[in-house]
Structures are given as C-alpha cells and as structure tokens.
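Every chain is numbered from 1 and lettered A, B, ... according to where its sequence line falls, protein lines coming before strand lines.
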Amino acid sequence: MEHILSDQHRLVKKTVQQFVKDTVKPRAKSIDESETFPHDTVESMREMGLFALPFEEIEGGAGGDTLSYAIAVMELSKACATTGVILSAHVSLCAAPISMWGTSYQKETFLRPLLSGESLGAFGLTEPNAGTDAGAQKTVAIDKGDSYQISGSKIFITNAGVADLYIISALTEPEKKHKGISLFIVEADRKGFSVGKKEMKLGIRGSSTRELILDKVNVPKENLLGKENKGFGMIMQILSGGRIGIAAQAVGICEGAIEEALEYTKERTQFGRPISSFQNTQFTLADLETKKEAAKGLLIKAALYKDQGRPYTKEAAMAKLYGAQCATEITQKALQLFGGYGYTREYDIERMMRDAKITEIYEGTNEAQKMVIAGSLLKEGTS
Amino acid sequence: MNIAVLVKQVPDTTEIKIDKETGALIRKGIPTITNPDDLTGVELALQLKETYGGNIHAFTMGPSSAKNMLRELYARGIDEATLLSDKAFAGSDTWATSHILASALKKHAFDLVIAGRQAIDGDTAQVGPQVAEFLKIPHVSYVDRVIDYNDGMLKVKKNEEHRMLTLNLPTPALITVLDEAAKPRYMNMFDIFRRSHLPLNQLTCDDLDVSLADIGIKGSPTKVKKTFNKSATQKQPKQTLNPEQAARTILDFIEAKGGQS
Ligand SMILES: Cc1cc2nc3c(=O)[nH]c(=O)nc-3n(C[C@H](O)[C@H](O)[C@H](O)COP(=O)(O)OP(=O)(O)OC[C@H]3O[C@@H](n4cnc5c(N)ncnc54)[C@H](O)[C@@H]3O)c2cc1C
Ligand SMILES: Cc1cc2nc3c(=O)[nH]c(=O)nc-3n(C[C@H](O)[C@H](O)[C@H](O)COP(=O)(O)OP(=O)(O)OC[C@H]3O[C@@H](n4cnc5c(N)ncnc54)[C@H](O)[C@@H]3O)c2cc1C
C-alpha cells in the first residue's frame with residue numbers, strides 16, 4: 001500500500017505504530033482478561049489528536065482524510081481490536097454525522113469537544129427487536145413544543161457508559177415506520193438517560209458494550225440532527241462510513257495475526273527444523289497474506305472513493321464483508337500454525353481469533369453487507 | 001531561548017554493512033531513521049521552548065532524502081529546518097562534517113545548540129564538541145538533564161557514568177544529550193497535516209563560507225585503514241570458582257599481563 005501513501009499518511013502510520021508498540025500492544029492482553037475499558041490509552045489517543053483525524057480544520061479537525069483514519073484504525077487493531085473500535089465508533093458513528101449534518105450550533109457545542117477528545121462519542125441504533133431490521137425500532141421521540149421527549153431502549157452500544165455524547169435514533173412519526181425515524185444528539189448527563197447491563201463478550205472485551213435506557217429524556221429541539229423523519233437514510237450513510245472503520249479494524253486484525261504467525265513459525269522447531277520450512281506452513285502463510293492484501297485493496301479503494309467524493313456504499317460494504325471474512329479465516333488458520341500453544345492464553349493469537357468474529361456482525365452482518373452489495377449491483381450493474 | 005538542533009539521518013539497522021574496499025558504510029537500500037539521540041535533542045528543545053519561549057531550528061547535513069526526516073521534525077513541532085546538501089560534502093568525516101555544520105550555524109544567532117551524544121552509525125561522538133570548537137563556544141557533552149536557564153546561564157547535569165556533575169554553562173553554548181534527557185513525544189495528527197509540508201531551507205556549498213579544502217573526502221583527515229567486528233575467543237578452559245577465588249584469579253591474570261593492582 002506504500003505506493004499510494006502521501007508523506008502525511010506515512011507519518012500517521014509511523015507515529016501510530018510507535019504508540020501501539022509502546023502502549024497499546026503491552027495492554028491488549030490485560031484489558032481483554034479483565035474486560036476493562038482502557039481509559040489511559042484513550043487519553044493518549046486524545047493527546048495525539050487521533051479523535052480529530054479525518055475532519056477539517058475549520059470545525060476543529062486535524063485536516064486528515066479517510067485513508068489516514070483507516071491507517072490509524074488498522075495499526076491500532078493489529079495489536080488490539082478493542083482500541084481500534086473505540087476510535088472507529090467515536091469517529092464514524094458519532095463525530096462524522098455531526099460533521100455531515102450538524103448546524104453551526106451543534107458543531108460548536110458537540111463536534112469541537114468530540115474532535116479535541118474532551119468528549120467521547122457513541123451511536124445508539126440497535127434495539128432488542130431491531131437489529132438487521134433497523135426500521136423495526138420502537139424508541140419514540142414525542143414533540144413537546146420546544147423539546148422532544150425520548151423513551152425506549154437500545155442494546156449492544158459500543159462506548160456506552162464511557163461516552164459523553166450519543167447519537168440516538170427514535171421515531172418521530174411511529175406510524176410511518178422507517179420513514180418516521182429521526183436522529184438526536186443526546187448528552188449522557190440528561191435526566192432519564194442511563195446505561196444498563198454490560199455485555200460479557202467473546203471478543204473485544206475491553207470495549208464497553210451496554211444497553212441504553214431512555215426514560216422520558218427531554219432534549220431541546222436544537223439537538224435534532226438533520227431533518228425530522230429523514231433519519232433512516234442518514235443511518236444508512238453513517239453505517240457506510242462506519243464500515244470503512246470496521247474494514248480497517250478487520251484488515252488490522254489480519255495483519256497482526258500474520259505477523260504473530262510469522263514470528264512463531266520461524267522460531268518453533270519440529271522434526272529438527274523450523275516449522276516455517278514446511279511447505280504447508282509456507283502455503284498457508286502465502287494464502288493468508290494474499291487474502292489480507294486483497295482485503296486491504298478493497299479497503300483502500302473504499303477510503304479513496306469517499307475522499308474523492310464518489311459514491312462508495314458498495315465499496316465500503318465489500319471492504320467490510322471481505323475484510324471480516326478474512327479476519328475470521330486468517331486468525332483461525334494462523335492459530336492452527338501455533339498448534340497447542342495457540343490454543344493457550346499465553347499467546348495473543350487466541351484473542352485475535354475471538355476478536356475477529358465481531359467484524360462479521362456489527363455495523364451490519366455479512367448478510368446485511370450482501371444485501372447492500374446486491375442492491376447496488378442489481379441497480380447499477382457491475383463496476 | 002533560540003535553539004539549533006543538529007540531527008542526522010542514519011540507517012535503521014544495528015547490523016551495519018561495511019564496504020570491504022573503501023571501509024565506508026553501505027547506506028544504499030537501507031531504510032533510514034532519525035538518529036535516536038537527536039530525537040531526544042529535538043524533544044529537549046521543544047520542552048525548553050515550552051518553558052522559556054523562542055524558536056527551534058534543525059540542521060542536517062546529508063543527501064536530499066533527509067528531507068523526509070525534516071518533515072517529520074516539523075510534525076513534532078520545530079519552527080524551521082535546513083538541509084545542507086551538496087556533492088562537495090560527500091565523504092566528509094567528523095571534522096569536515098563539523099566544519100560544514102558550524103559554517104551554517106554561524107549565519108544565525110542561537111542561545112543553545114543541541115546535538116545528540118553520538119550517531120548510531122558513525123558512533124564517534126565527535127561532531128557536537130567539534131562544532132562547538134569551530135563556533136568558539138563552550139560545550140558540555142553527555143548531558144542527561146537540563147536543570148534550568150537563568151540570566152543566560154544554563155544549568156545542566158552531565159552523566160559521566162561513574163559520577164554526575166552539575167555544571168553552569170554561559171550561553172551561547174552547545175550540549176550533547178543522552179537519551180535520558182527527554183522522552184520524544186508522539187507526532188500529533190494536527191501537526192502532521194498542518195506543519196509537515198512547511199517549506200525547508202536548502203543550502204549548498206556556495207551558500208556557506210567554507211573552502212573546498214576543508215570539506216568532503218579531500219578535507220577529511222580521517223583515513224579508514226580497516227574496519228572489522230571485534231570477536232571474543234575463549235583461550236582458557238572454563239573454570240567454576242566462588243566469588244573470592246574468581247576475583248583473585250582475575251587479579252593474578254591482570255598482574256601477570258603487567259597490570260597494577
Ligand atoms: C459488540 C457489539 C457492538 C455493537 N455496537 C453497536 C453500536 O455501537 N451501535 C448500535 O446501534 N449497534 C451496535 N451493535 C449491534 C449490531 O450492529 C447488531 O448486533 C447487528 O446489526 C445484528 O443485529 P442482531 O444482533 O439483532 O441480529 P439479527 O438481526 O437478529 O440477525 C441474526 C441473524 O439473522 C441474519 N439475518 C437477519 N435478517 C436477515 C435477512 N433479511 N436476510 C438474511 N439474513 C438475515 C443476520 O445476518 C444474522 O446472521 C453491536 C453489537 C455487538 C455484538
Ligand atoms: C571508522 C570510521 C570510518 C568512517 N568512514 C567514513 C567514510 O569513509 N565516509 C563517510 O562519509 N563517512 C565515514 N564515517 C562517518 C562519518 O565520519 C560520520 O558519519 C559523520 O561525520 C558524523 O559523525 P558520527 O556519525 O560519528 O556522529 P557523532 O559525532 O557520533 O554524532 C554526534 C551528533 O552530532 C550531530 N551530527 C552528526 N552528523 C551530523 C550531520 N550529518 N548532520 C547534522 N548533525 C550531525 C548529531 O546531533 C549527532 O547526534 C566514518 C566513521 C568512522 C567511525
């Protein structure tokens with residue numbers, strides 16, 4: 001990928017790699033085992049300006065692009081997928097929508113602190129009975145004149161409990177179903193807003209995943225994001241952007257797993273020679289590397305399309321689908337190369353394998369990506 | 001406090017390859033980094049600037065690929081960067097290198113010049129002190145801490161391994177720093193995009209007040225006769241001794257070789 005990187009991209013990569021080596025990698029195992037959110041890592045990320053990466057300077061951003069953001073998520077996820085998704089959820093699911101549709105008041109009040117890292121962001125869409133079928137949600141927002149009163153609950157929300165700001169979807173006209181959804185910016189300290197049960201998960205265990213409970217939460221009209229009842233289309237766009245972040249997370253996991261396998265197979269000897277000298281090991285590694293590079297190619301294409309202002313929905317869905325499939329397959333096959341040692345918690349590869357699976361599920365399952373890709377394909381033909 | 005920092009681009013490897021014929025380092029095809037001690041120097045300069053104000057100007061002598069390193073230093077927060085590059089500089093030893101660096105520094109007024117203790121490739125630790133001599137300013141090498149800066153006096157701690165010295169140094173002065181002196185910060189995303197493409201100054205031989213006889217291969221008094229890796233070979237059979245016996249044996253050995261106890 002070096003051939004398309006600018007000097008700035010290279011510097012982003014270099015500095016994030018150094019940070020990962022010093023801070024993220026040494027902590028990855030312990031935050032997984034203790035299932036704790038890495039507050040101090042997040043504080044360092046704030047100081048480095050990572051939360052502001054792909055936003056324009058006039059709104060408080062660092063002036064980077066989608067590709068530099070993808071590079072950062074990828075490098076973090078190589079060592080710790082938890083850290084990768086904290087950044088991805090904040091940037092793509094909370095800050096980006098305010099940057100896209102926010103009023104100047106919303107940009108000053110909510111976006112600036114998100115970009116400086118003073119506030120952490122999250123996005124509450126999924127409900128117990130509305131996952132893939134996001135249009136089936138039940139949370140409502142009742143117009144009270146100068147405010148909306150939001151009631152309902154959300155489930156599986158990344159950064160919940162640690163975030164200061166949430167973008168919440170709710171029905172402003174329930175009878176219109178998905179055509180009656182609107183988006184709201186909700187501060188964590190609003191009366192009636194609380195977080196519920198913490199999920200105990202297979203992977204990304206340092207990432208906070210919780211329920212949100214909204215019990216008659218009053219938010220002023222200024223907190224409506226975009227237009228009333230236009231939420232569903234906005235959600236689709238938010239998820240498209242988010243998929244680039246998750247694709248980057250997936251490719252990062254792949255790259256991390258291959259690095260671990262290379263190191264291990266060169267060291268481990270059986271039958272009097274390093275297992276890396278066996279043809280099966282070499283062919284497995286060759287396959288994994290080829291797949292990972294193909295996934296990275298799709299990711300870079302999606303990021304470049306977004307930066308160039310081209311439609312990128314299909315590209316992002318393909319990058320996420322293929323990246324996620326690769327992450328699951330590559331971590332499993334890499335673990336196989338470790339034999340019994342790979343199955344123990346002494347090595348990072350078992351954690352990587354557990355972490356990889358989520359990329360096939362959140363921000364749209366693999367099946368949901370295929371719906372998006374096929375939808376575009378049937379309408380616009382192959383590209 | 002206006003600060004000049006001397007920075008060298010070095011090959012990113014601990015296993016340096018040497019050209020058997022010329023005895024010089026083979027630099028082609030090896031990725032480069034900023035000399036680690038020099039990153040310490042840059043960080044120290046940034047910290048001093050934060051406390052005492054002023055301006056940081058980095059200088060490097062090297063090929064044009066050193067521009068990438070200078071861009072990175074901009075992203076770390078320095079104010080100005082100058083690349084000294086010319087075919088006539090090629091092959092300079094430490095004396096010639098110091099001569100060139102000093103001529104460039106003379107064009108500006110600095111309170112402090114910071115160099116790394118040593119470069120990981122050449123490893124001589126000579127350039128800093130030699131630059132100070134050419135500039136006719138005092139220097140302290142092996143600085144592991146700058147304590148303060150008051151009324152033109154810089155108070156530093158010099159680490160001589162077996163002892164520590166606290167020294168007052170009238171500025172303008174030069175120090176060479178150990179990696180304990182400061183821990184380099186991460187580049188900040190804002191600075192990467194805002195600052196890394198700031199314009200670089202480029203100077204050639206013609207811009208400097210140097211004579212061709214003092215620079216490049218011709219101006220370099222160092223003549224490399226041979227370079228080799230030190231290898232340790234075991235001449236005596238292995239013995240297992242208690243500490244007292246071991247000390248005695250070593251002492252006897254040294255005395256037998258003509259050493260004094
Ligand atoms: C760790 C974690 C973090 C998350 N973070 C967030 C967050 O920050 N914000 C947020 O809003 N949500 C978040 N989610 C929710 C996530 O996006 C949903 O879990 C996901 O979209 C799937 O929804 P579901 O779990 O209800 O599964 P379901 O929709 O019930 O799907 C079950 C299975 O049925 C398949 N399926 C469903 N419909 C179809 C169909 N029409 N055709 C074919 N197959 C179908 C699915 O692909 C899947 O295999 C998170 C989830 C997890 C586990
Ligand atoms: C045995 C030997 C043979 C050598 N042969 C050759 C040769 O044939 N040809 C050849 O080109 N070189 C040769 N060199 C290397 C050359 O002498 C040095 O690389 C160069 O002059 C700098 O010295 P140094 O690396 O020892 O730096 P040091 O003196 O160890 O560096 C100390 C500090 O000085 C500053 N500094 C040093 N160099 C620069 C620079 N270029 N720009 C800015 N700041 C700098 C940095 O702050 C650095 O941390 C040889 C070196 C040795 C030891």
* Do any of residues 41-58 of chain B have a heavy atom less than 4.5 Å from a heavy atom of chain A, and if so, which, in residue order? -> none
* Asked: Which bit of A:Ser68 comes within less than 4.5 Å of chain B, counting heavy atoms only: side chain, backbone, both or neither?
  -> side chain
* Is it the backbone or the side chain of B:Asp191 that comes under 4.5 Å from a heavy atom of chain A, or both, or neither? -> neither
* **Nearest non-hydrogen partners of A:Gly49 and B:Phe190, listed with the distance** => CA-CE1, 3.9 Å
* Which distance, rounded to the nearest 0.5 Å, do you find between the CE of A:Met45 and the CE of B:Met189? -> 9.5 Å
* Measure across A:Leu11 and B:Ala75 and return the closest heavy-atom pair with its distance rounded to 0.1 Å. => CD1-CB, 4.2 Å
* Supply the atom-to-atom distance A:Glu56 CD to B:Phe193 CZ, rounded to the nearest 0.5 angstrom. => 12.5 Å
* **A:Glu47, CD: over 12 other non-hydrogen atoms inside 6.0 angstrom** => yes
* **Result of checking A:Leu50, A:Thr23, A:Val16 against B:Tyr186 for side chain to side chain contact (heavy atoms under 4.5 Å, CB included)** => A:Thr23
* Could you tell me whether A:Arg10 and B:Glu72 have a side-chain N and a carboxylate O separated by less than 4.0 Å? => no
* Asked: What are the two closest heavy atoms between A:Thr15 and B:Met187, and how far apart are they?
  -> OG1-N, 3.0 Å
* To do: With the side chain counted from C-beta on, respond yes when B:His197 and A:Gln8 share a heavy-atom pair under 4.5 Å apart, and no when they do not.
  => yes
* Hey, could you give me the CG/OH distance between A:Asp7 and B:Tyr74, rounded to the nearest 0.5 Å? => 13.5 Å
